[in-house]
Every structure is written in structure tokens, then in C-alpha cells.
2 protein chains.
Amino acid sequence: MVKNLDRRKSSILHAIIQEHIITASPVGSRTIAKKYDLGVSSATIRNEMADLEELGYLEQPHTSAGRIPSDKGYRYYVDILMNNKGINSDKLIKTLSEITKAKKGIHGIVSGITNMLSEFTKYATMITEPEFKNTKLSEVQLIKVTNNKLLLVMVTDNGFVSDKMINIQQDLDKRKIRYINNFLVNKITDKNINNLDKNYFDEIEDELLKKINLSQQLFNIINKEIKEIIDPRDVNIYIGGTSYILDQPEFNDIEYLKKVLNILDHEDTLKKLITAENNKEIEVRIGHENEMKEMQRCSVVIANYTIGDKAVGKIGVLGPTRMEYPRVISTVNIVSDILSKIISEVNK
Amino acid sequence: MVKNLDRRKSSILHAIIQEHIITASPVGSRTIAKKYDLGVSSATIRNEMADLEELGYLEQPHTSAGRIPSDKGYRYYVDILMNNKGINSDKLIKTLSEITKAKKGIHGIVSGITNMLSEFTKYATMITEPEFKNTKLSEVQLIKVTNNKLLLVMVTDNGFVSDKMINIQQDLDKRKIRYINNFLVNKITDKNINNLDKNYFDEIEDELLKKINLSQQLFNIINKEIKEIIDPRDVNIYIGGTSYILDQPEFNDIEYLKKVLNILDHEDTLKKLITAENNKEIEVRIGHENEMKEMQRCSVVIANYTIGDKAVGKIGVLGPTRMEYPRVISTVNIVSDILSKIISEVNK
DNA sequence: TTTTAGCACTCAACTAAATAGAGTGCTAAT
DNA sequence: ATTAGCACTCTATTTAGTTGAGTGCTAAAA
């Protein structure tokens, strides 16, 4: 799809992008000639820059300014040019393990890592709470809270807990509750959650309704709540480092800044922002590649983190299109790896 | 402490503050004379304004500008001048009850109300998750997760759930766990949480250690986790409406905006910001009354919400000192009342 | 054919000066 | 005690002028 540029054009584009990422200003031919030892004069570079502009890799804010990379230019940089040699990960790994030790429970871990990621990248970051695909339920407990409330607690084999309060109309005595509880334990623990699909629930339902005098309505509620835990519609999302956005000169425009912050303020738009394919390890969305038009001057780096082979959550970093891609991408890679390990192994 | 101003000075100060809250600009004598029917000429108002400045209620950005209220001026306004007739609360109450119905669990309710409060006030808002003072534990369940992990689930009589994963070195069989569980149920449920103090735990400890062969270390861990649930060191805090901050012209200064957002970005500073006395129903902190110097161009309205007579959480609204105090205060009052009811009565 | 030196041209950004206008403070009359 | 009137102050806005980074083109050199 993307036609490769010849060697010299590549070098020049590379130099311009690197320079622009540092200075945040349009880059001129003389700067490149002086700072980057390409063995050609500024005039030659000038001609090449005109070509690169015509090909769509560069843009010119106005006639007498230097060039800035276009989204296409950044895309070429990310796909082909940049050297992805990564960062020194020692400190990152150390900090991560400290967080894991200090925090208990999924909330603390995920929000701690979100903040840490933003401190390392100096951009705004977001991480969704994991869904528990590819785990097994190791415990199910139905606790009577009051006459019309049951608490359903489910523990996954990787050590996380989910609970739901269930409103019931029908009063159930403790014995019956214990019976249902045991029934559920038999049916749904120690099985991969992915296999607990609709068909399986239908089977359970039939059996349970036959065996005890449990109203259809009650079963539906319990059923629904279990499914909700296993496959939540509404996943929490954590965000950190919002104020780093203001360090970037492209957000000095208050009106624009407001649009961006407004998106970060609302869970629904935020989730839409870091929607990504589950099967890709890492996804970089540059400028107009973002669906939301308010985000089209931003880039987002999104990674999945996993349990086994299933993506269970997303890690995202948001910055201007002039983002330090190599640093961000390798940081996100490391964090998603480690987070995958943490949530997979909490219990092992 | 605050000496009362005479009637005319009061009216003029009142008019200036109201005008300034609307326009966000320095207010001149002629504007007041024209817009507010005080029955005196601009020259008289001018003289009074000079007096009010000398008394510290007004400030002049520069010689040829109008006046703006000082923190002292706002304080006088909040304590004495403003009419606290409140807002039309119908819509607010309706929205609140919708949130309560739609959301289950404390996270959803508190974060939903935080967002709603910011939408109503158009300022940034924050609400802490409730601590469970003045409730009783209605259920305690110790669930074996693995050989070295127990899950402790506690349900309060107002229907909220807290859980902690406990790492244990000693392997416990199910019977022993059930024994400890029953023991705990007997000892700590159905008692007001406030009475479960250190002495009481010492008693329990003695008894439990005597009766079963439970290592001191294990008891300490369980003990600690129970205390942590009852009196958490680390309370979650929710924040909403950050982007509304940008609507206020006083935050057009990017450097200042960054300082403020930075405070909102970090849980520790955020909590410090809405620290307030537990016994006051509502607290308004104007400008320099805020401890953090980055906040001294802001005002914060803080209310406690309660279970019974105990403050269990805080509601805060953050805006510029030029905040619409009457509207914010009455909104916060209503929300804290309702939130108190919601968390007290979830289960009744 | 490719590269480069040289130069006229462009245009945003900055600077300085001029102008407008909102508002004050004081004085003298009411 | 109040107010009309006016000189004075100071910011904000406008306008004109200047600077300088950077381009694109041309013609010579490699």
C-alpha cells in the first residue's frame, strides 16, 4: 500500500520528523543540512522536501515556513523509519513490581499502573479494567443479605473478585440458598469462562427449574448477573496524567484543549477512543485515523493485554500526532506484557 | 469578626459581586448606577467603592479599571449578602433517582452522582466513596480461594460490600475456615461498626487464639484487613467535569490551568483539597482560605454526607473565586442530602 | 543529469507608535 | 451629603513598519 521512498527521501523525512518531534516547529532545509549529516546541500534538501510535500508526506503551514510531517508522514515513520530499539526498561519494571506489591485488588493495581504509565511517558494514559476471559471461576458464593437481597460473589482462579447485589422478590430460606449455591458451584466453577455461553446457561436453567421450585423470574435475575460478571457490559476505565496534555504546545489553543478534555471526561467517549482490534498486539492511530474528529490532531497508541491468548483489556496513551512514538510504543509494550502477567498470575 | 457594612455599602458590594460573577470583568461605577437601581449617582457609588476598597472588600486591577471583589468581599457575600433561596430541585432529584436505579454498587452510584453534579453546576466536582461508619455488618464470609489465599467479604446492613484478599502462609482446611468464619460472624456482625475498636479486637484475639490453633501472624492479617474495611486508610475519590474548568476565563492562563489540573490529577492532593471538618454541614473555602497555594485563585464548596449522625464522605465543587455560590451551595446541599439517604437506605 | 550557490520573494511574528475608551478621583456647585 | 463635570490614567486595540526564517527558481558547476 505505502510505496517505499528512495533512500535519500527517507533519510530526509526521518530527519525532519525527528527534528519536529523535538522542536514542535516547522523544520527548514537549512536546519536539516546543518544538523543532520546527509552529505547534500540545503538546496537539494529543499528540492526533496518539495517532492515529499507533493507526495503527501509533508505539509507547509504557509509559503515561507518550513515543513511539518503530515499524518501520512508519521505513518511512514512509524511503519518503516523509526528504530524501535526500545527504552531502558529496568526502572519501569521495578516501579511496576512495587505497585503490584503495594496495591491489593484490581482497582488499585490498574489505577496505579495507569498513573505510572503517564509518569513514564509524560502523556495522558488510560487503561481498562480486565474482563475475565480465559479464566475459571474458582468460587461462587451466594450470601443472603436481607429478605429481598442476595449477594453473589465470584472469585476467578487468577484471584480477582466480582460481586453483584441481586434484588429478589421471592423470600428464600438459607437452606434453599445453600442448595442453589452448591448447584451453581457444580455447574460453573472450574470451567473456562469462555465456555459458559448462552446454550450452557439454558441447560442449567432447565435443570434448576426442574429440581427446585425457583421462580423463572428469580432465575433470570441470577442468570443475568452471572453473565454480567463473566461478560460485563460496562467496564471501568482509569485515566491518568491528564495535566501532561498541557505540556504540549499543540494544546495551547484553549478551544481545542477543551474538546479533548471533554472527551477524556466522559467514560463513553473515552472507551470509544481506545477501542481497538483484539487480535492486534499494538495499534497506533495517527491523526485522522482516529474516528472522532476532535481527536484528529492527536495520536493514540493502544495495546491489548491478555490472559492466555485472549485480550482482556486495553492500554492507551494519548498525545499530539507529534508524539515520541518509539518511546511510547516500547513503554506500552512492556507495560502490557507485565500487566498481562500480573493479572494472569496473581494467584499462581 | 466580620464587621457589618452599612446598608448602602452592602447594596453596592452586592451589586458589584453579582455583576462580576456574570461578566468576569472589573465592574465600574457607571455600570452599577445604570443596571442596579440604587437611587444614587455613579459619583456616589464611586466614593463608596473607594471606601470598600480601603476596607478590603474590593480590589482594583489598575488605576483606570473598575473594581473586582476580594476574597474578603466574597466571604462577606457568602456569609451575609447572598440570598440562599436555592434552585429548583425537581430535575436534580429526578436525575439522582434515575442514577440510583440504573447503577448498582457503590462505585457506579458515586461516580454517576459525581458526573451529574458537575453537569448541574458546570464546575469540576469530586465525591469520596463512603466509609461505613454507623452501619452494622450484616454478613461476614471467609472464602477459601487457594491454599494461600482467603477472601474476606463483608456486607453492611445498608447493603454495601467490601472484600479483601488475604494472603496466608498457613494452610487451613475448610472446616477450620468455617469455624473462624462463624466465630467472626458472632463477634462482629450486628454491632455498630464504630464500636469495633482496638480494645474489642484485642478481646476477640485472645479468645480466638485460645480456642483454636491459629497462628498469631494469621490472626494479625485477618484483623488488619477487617479494620481496613471498617476504617479504610485509602478512600476512593471520584472526579467529574474537569473540562468545565476551561469555560472559566480565569483559567485561560495555561500555566495556572496546568497547576490546577495537576492537583486534580493526583489522588493525594485531590483529597487534601476537599478535606473539611466532619461536623460542619457545608464549608465554603474562598481563594486564600485554601491551604494549597495553587488553589488560592479558586473556591471550593465542600459538604459532608452522612449515615446517621456520622460524616462518611465528602462532596466538593471546585470553581474560580468568582463562583456562582448560591446555585452551587444549594445544589451541593441537595445532593449531599440525597446521597446520605441513598447510602443509608439502600437496604431498607 | 544532478547538485548547488545565489538571490528575489513571501509571510508570520515581532516591535513601536497612535488611538480609543472605560473608568477613576477630584473639585466645585447643588 | 450628593452629584455634575472634567482632567487624568492606563489598558487594549489598531496600524504601520521591520525583521528574519525559509522557500522556489535560475543559472552555473560538477
Side-chain angles (χ1 to χ4, degrees), chain A residues 5-13 15-20 22-70 73 249-250 252-254, chain B residues 5-13 15-20 22-70 73 249-250 252-254:
Chain A
L5 297 171
D6 68 48
R7 200 186 191 85
R8 193 168 69 185
K9 281 198 174 58
S10 280
S11 310
I12 291 173
L13 181 57
I16 291 171
I17 292 180
Q18 288 202 326
E19 189 65 18
H20 181 67
I22 297 166
T23 63
S25 305
V27 182
S29 55
R30 233 175 84 85
T31 314
I32 298 299
K34 260 196 292 184
K35 281 210 195 173
Y36 296 79
D37 198 18
L38 300 177
V40 287
S41 75
S42 68
T44 308
I45 292 171
R46 212 140 54 226
N47 290 329
E48 294 285 36
M49 282 164 81
D51 288 354
L52 284 166
E53 184 175 354
E54 207 173 341
L55 292 166
Y57 295 93
L58 294 177
E59 286 168 2
Q60 204 170 19
H62 53 85
T63 346
S64 67
R67 304 301 205 295
I68 57 173
S70 66
E250 23 276 275
N252 278 2
D253 169 1
I254 297 251
Chain B
L5 297 171
D6 68 47
R7 199 184 192 87
R8 194 169 68 186
K9 281 198 174 56
S10 282
S11 310
I12 291 173
L13 180 58
I16 291 172
I17 292 180
Q18 288 202 325
E19 189 65 18
H20 180 68
I22 297 166
T23 63
S25 307
V27 181
S29 54
R30 234 174 81 85
T31 314
I32 297 299
K34 261 198 291 182
K35 279 211 195 173
Y36 296 77
D37 198 18
L38 300 178
V40 286
S41 74
S42 68
T44 307
I45 292 171
R46 216 144 46 230
N47 291 328
E48 294 285 37
M49 281 164 82
D51 289 353
L52 283 167
E53 184 176 354
E54 205 172 343
L55 292 166
Y57 296 92
L58 294 178
E59 286 168 3
Q60 204 170 18
H62 54 86
T63 347
S64 67
R67 303 305 205 293
I68 57 173
S70 66
E250 24 276 275
N252 279 2
D253 170 2
I254 296 253

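By convention in this document, chain letters (A, B, ...) are assigned in the order of the sequence lines, proteins followed by strands, and residues within each chain are numbered from 1.
- The interatomic distance linking A:Lys34 (NZ) with C:dT4 (P) rounds to 17 Å, in whole Å.
- Side chain of A:Ser42 to main chain of A:Ala33: no donor-acceptor pair is present (N/O by atom type, distance under 3.5 Å, no hydrogens or angles).
- Distance A:Ile68 CD1 to C:dA12 P: 14 Å, rounded to the nearest Å.
- Listed nucleotides C:dA5, D:dT11, D:dT2 differ in distance to B:Thr44; the shortest reach to its side chain belongs to D:dT2.
- Between the side chain of A:Ser29 and the backbone N or O of A:Ile45, no donor-acceptor pair lies under 3.5 Å.
- The one candidate from A:Glu48, A:Glu53, A:Glu54 that meets the salt bridge (charged side-chain N to carboxylate O under 4.0 Å, His left out) condition with A:Lys9 is A:Glu48.
- Side-chain contact between B:Tyr57 and B:Leu5 is present, with heavy atoms from C-beta onward closer than 4.5 Å.
- Atom CG of A:Leu38 and atom P of C:dT2 are 19 Å apart (whole Å).
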Report summary line: 5' to 3', nucleotides 22-30 of chain C under a 4.0 Å protein heavy-atom cut-off (B base, S sugar-phosphate only, - none) gives BSBB-----
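- Distance, A:Ile32 CD1 to D:dG22 P: 10 Å, rounded to whole Å.
- Summarising the geometry, the separation between CZ on A:Arg7 and C1' on C:dT2 is reported as 19 Å, rounded to the nearest angstrom.
- Residue B:Leu38 comes nearest to B:Ser11 through the heavy atom pair CD2-CB, 3.9 Å, listed as atom of the first residue, atom of the second, then distance.
- Between the side chains of B:Glu19 and B:Tyr36, at least one donor-acceptor pair of N or O atoms lies under 3.5 Å.
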